[in-house]
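Step one of this worksheet: look at the structure below.
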Number of protein chains: 2
Amino acid sequence: MKSMRLLLIALCTLSAQQPAFEPQFTPAGELLLPKDYRDWIFLTSGLGMTYGPAASTTPDNPRFDNVFVNPSSYRAFLDTGKWPDKTLFILEIRQSMGKGSINNGGHFQTGVVSVEAALKDVGRFPQRWAYFGFGRGDKSQPAPAASSCNTCHSKNAAVENTFVQFYPTLLEIATRKGTLNPSYATNDAGH
Amino acid sequence: MKSMRLLLIALCTLSAQQPAFEPQFTPAGELLLPKDYRDWIFLTSGLGMTYGPAASTTPDNPRFDNVFVNPSSYRAFLDTGKWPDKTLFILEIRQSMGKGSINNGGHFQTGVVSVEAALKDVGRFPQRWAYFGFGRGDKSQPAPAASSCNTCHSKNAAVENTFVQFYPTLLEIATRKGTLNPSYATNDAGH
């Protein structure tokens with residue numbers, strides 16, 4: 001009975017563990033958009049964020065961008081301040097409205113415009129992180145390694161290639177764990 | 001061996017099930033803010049939303065509000081378009097910034113200003129839903145049953161007392177399941 005009890009404990013522990021996240025690709029190398037990304041961990045939402053020169057006028061209905069990350073990578077980041085291999089970020093871009101129902105000012109979110117992703121996969125991508133634009137579809141080839149996505153993220157991101165400077169709960173953790181990129185810590189932090 | 005195998009399956013199933021969500025109260029009847037609400041399901045984020053008359057000028061740094069709901073209630077809503085008893089919404093209000101790091105336009109999220117909550121508990125509250133303001137603290141008495149929160153939510157919400165009209169993924173579900181409040185369906189839907 002004792003060995004049976006140990007077996008029971010081992011099997012139950014195994015069944016309760018969540019499987020490690022594994023991004024899915026088509027045979028042609030396209031990343032499949034995970035259907036359940038809205039159930040993932042929310043990192044932040046911005047409205048009308050502009051990395052290039054600011055527009056001279058503010059649009060009436062700027063776009064929201066919601067950022068999600070797969071839960072197991074989020075838990076690893078809470079522990080270490082770093083992203084494990086196979087970390088997948090989803091950027092969901094939505095239209096906004098100002099007046100609607102009882103809302104008279106500011107903006108709320110409406111329909112999806114497009115979806116993008118960033119994936120860390122050190123075996124698949126020599127540049128470690130790759131970027132994907134799904135549009136309204138469900139699969140995408142990675143952007144070329146020399147794309148503007150790669151260039152901007154590798155140059156300006158606060159932790160590895162990720163814009164943790166815009167994820168307030170994670171910026172605190174990376175700062176405490178000492179995992180900010182040296183270039184970010186020197187130039188941006190505290191400004 | 002057969003009965004042992006059945007027992008094993010039953011125990012493993014039990015261990016893999018998530019416990020039902022149970023809001024926690026102090027002996028004085030204050031709701032405790034769940035520490036892990038950022039790991040819950042994200043419903044939407046708005047910026048500078050205004051339910052009263054619109055301000056004559058837009059503030060430079062309006063506030064974001066992020067809405068989270070406990071995962072088991074979210075899954076029930078996906079199935080039924082209704083909220084089970086003990087559904088807890090968290091509204092996290094954050095400051096915004098415009099210029100920072102590489103961002104030159106629009107707004108991104110920074111520190112928490114305050115946290116609020118809405119709880120459905122039909123045994124505890126005669127009005128079924130109650131509203132809580134935590135500020136920066138971790139516990140709160142419910143607002144009085146005749147508070148402006150209760151009045152506005154019960155009058156204007158799209159599903160029960162909840163502003164599903166501002167949660168785009170859930171609005172689709174409630175519309176399909178036919179669970180929109182009649183007053184909302186008559187006055188607001190499609191406008």
Side-chain angles (χ1 to χ4, degrees), chain A residues 4 7-8 11-16 38-55 58 62-66 68 71 74-75 94-96 98-112 152 155-156 158 163 165-169 171 184 187-188 191, chain B residues 4 7-8 11-16 38-55 58 62-66 68 71 74-75 94-96 98-112 152 155-156 158 163 165-169 171 184 187-188 191:
Chain A
M4 186 58 80
L7 177 68
L8 182 68
L11 285 173
C12 286
T13 305
L14 208 63
S15 81
R38 287 281 310 197
D39 302 353
W40 290 9
I41 299 291
F42 167 73
L43 293 181
T44 198
S45 183
L47 180 66
M49 290 177 69
T50 308
Y51 292 165
T58 305
R63 290 172 174 180
F64 279 99
D65 46 85
N66 299 320
F68 302 87
Y74 170 76
R75 286 191 292 272
R94 284 188 178 265
Q95 293 177 312
S96 72
K99 287 190 192 304
S101 182
I102 59 166
N103 193 60
N104 295 314
H107 292 89
F108 62 92
Q109 304 196 4
T110 58
V112 172
C152 181
K155 182 176 170 198
N156 297 305
F163 285 133
Q165 60 262 55
F166 300 128
Y167 313 151
T169 58
L171 182 57
Y184 174 81
N187 297 327
D188 278 51
H191 291 201
Chain B
M4 185 59 80
L7 176 68
L8 182 68
L11 285 172
C12 287
T13 305
L14 208 63
S15 80
R38 287 280 311 195
D39 302 353
W40 290 9
I41 298 293
F42 167 73
L43 293 182
T44 198
S45 183
L47 181 67
M49 289 176 70
T50 308
Y51 293 165
T58 306
R63 290 172 174 179
F64 280 98
D65 46 87
N66 299 320
F68 302 87
Y74 169 76
R75 285 190 293 272
R94 285 188 176 264
Q95 292 177 311
S96 71
K99 287 189 192 302
S101 183
I102 59 166
N103 193 60
N104 295 315
H107 292 89
F108 62 92
Q109 303 196 4
T110 59
V112 172
C152 182
K155 183 177 169 197
N156 298 305
F163 286 133
Q165 58 263 55
F166 300 128
Y167 312 151
T169 58
L171 182 57
Y184 174 81
N187 297 325
D188 279 52
H191 291 203

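Every chain is numbered from 1 and lettered A, B, ... according to where its sequence line falls, protein lines coming before strand lines. The figures here come from the full heavy-atom set of this structure, side chains too, leaving out hydrogens, waters and symmetry mates. As the structure is a prediction and not an experimental result, all values here were calculated from the model.
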For this session: Over all heavy atoms of both residues, which pair between A:F68 and A:F42 is shortest? Give the atoms and the distance, please.
Result: CD2-CA, 4.1 Å
Seminar exercise, completed: Ranked by heavy-atom pairs below 4.5 Å to chain B, first place among A:P62, A:C152, A:G105, A:G48 goes to A:G105
For this session: Under 4.5 Å heavy-atom distance to chain B, tell me which part of A:R63 shows up: side chain, backbone, both or neither.
Result: neither
For this session: Return the option, out of B:T169, B:T44, B:L47, with the maximum number of heavy-atom pairs under 4.5 Å with chain A.
Result: B:L47
Problem set entry | Value rounded to 0.5 Å, distance of NZ in A:K99 from CZ in A:F108 | 11.0 Å
Exercise. Where does the angle between the aromatic ring planes of A:F163 and A:Y51 fall among parallel (under 30°), tilted (30 to 60°) and perpendicular (over 60°)?
Worked result: perpendicular
Problem set entry | Contacting moiety of A:N103, where chain B heavy atoms sit under 4.5 Å | both
For this session: Assess whether side chain to side chain contact (heavy atoms under 4.5 Å, CB included) is satisfied between B:K155 and A:I102, documenting all intermediate values.
Result: CA-CA 10 Å; B:K155 183 177 169 197; A:I102 59 166; over 6 Å; no
For this session: Without swapping roles, check the side chain of B:Q165 against the backbone of B:N156 for a donor-acceptor pair under 3.5 Å.
Result: yes
For this session: Check whether B:I41 gets within reach of chain A through its side chain, its backbone, both or neither, counting any heavy atom under 4.5 Å.
Result: side chain
Exercise. Among B:D39, B:T110, B:V112, B:L43, which residue forms the greatest number of heavy-atom pairs with chain A at distances under 4.5 Å?
Worked result: B:D39
Seminar exercise, completed: Comparing A:F166, A:F64, A:W40 against chain B, the one with the most heavy-atom pairs below 4.5 Å turns out to be A:F166
Exercise. Taking atom CG of A:D65 and atom CZ of A:R94, what is their separation to the nearest 0.5 Å?
Worked result: 12.0 Å
Seminar exercise, completed: Okay, A:L171 and chain B: the region with an atom under 4.5 Å from a heavy atom over there is neither
For this session: Below 4.5 Å from any heavy atom of chain B, which atoms of A:S45 appear? Answer side chain, backbone, both or neither.
Result: both
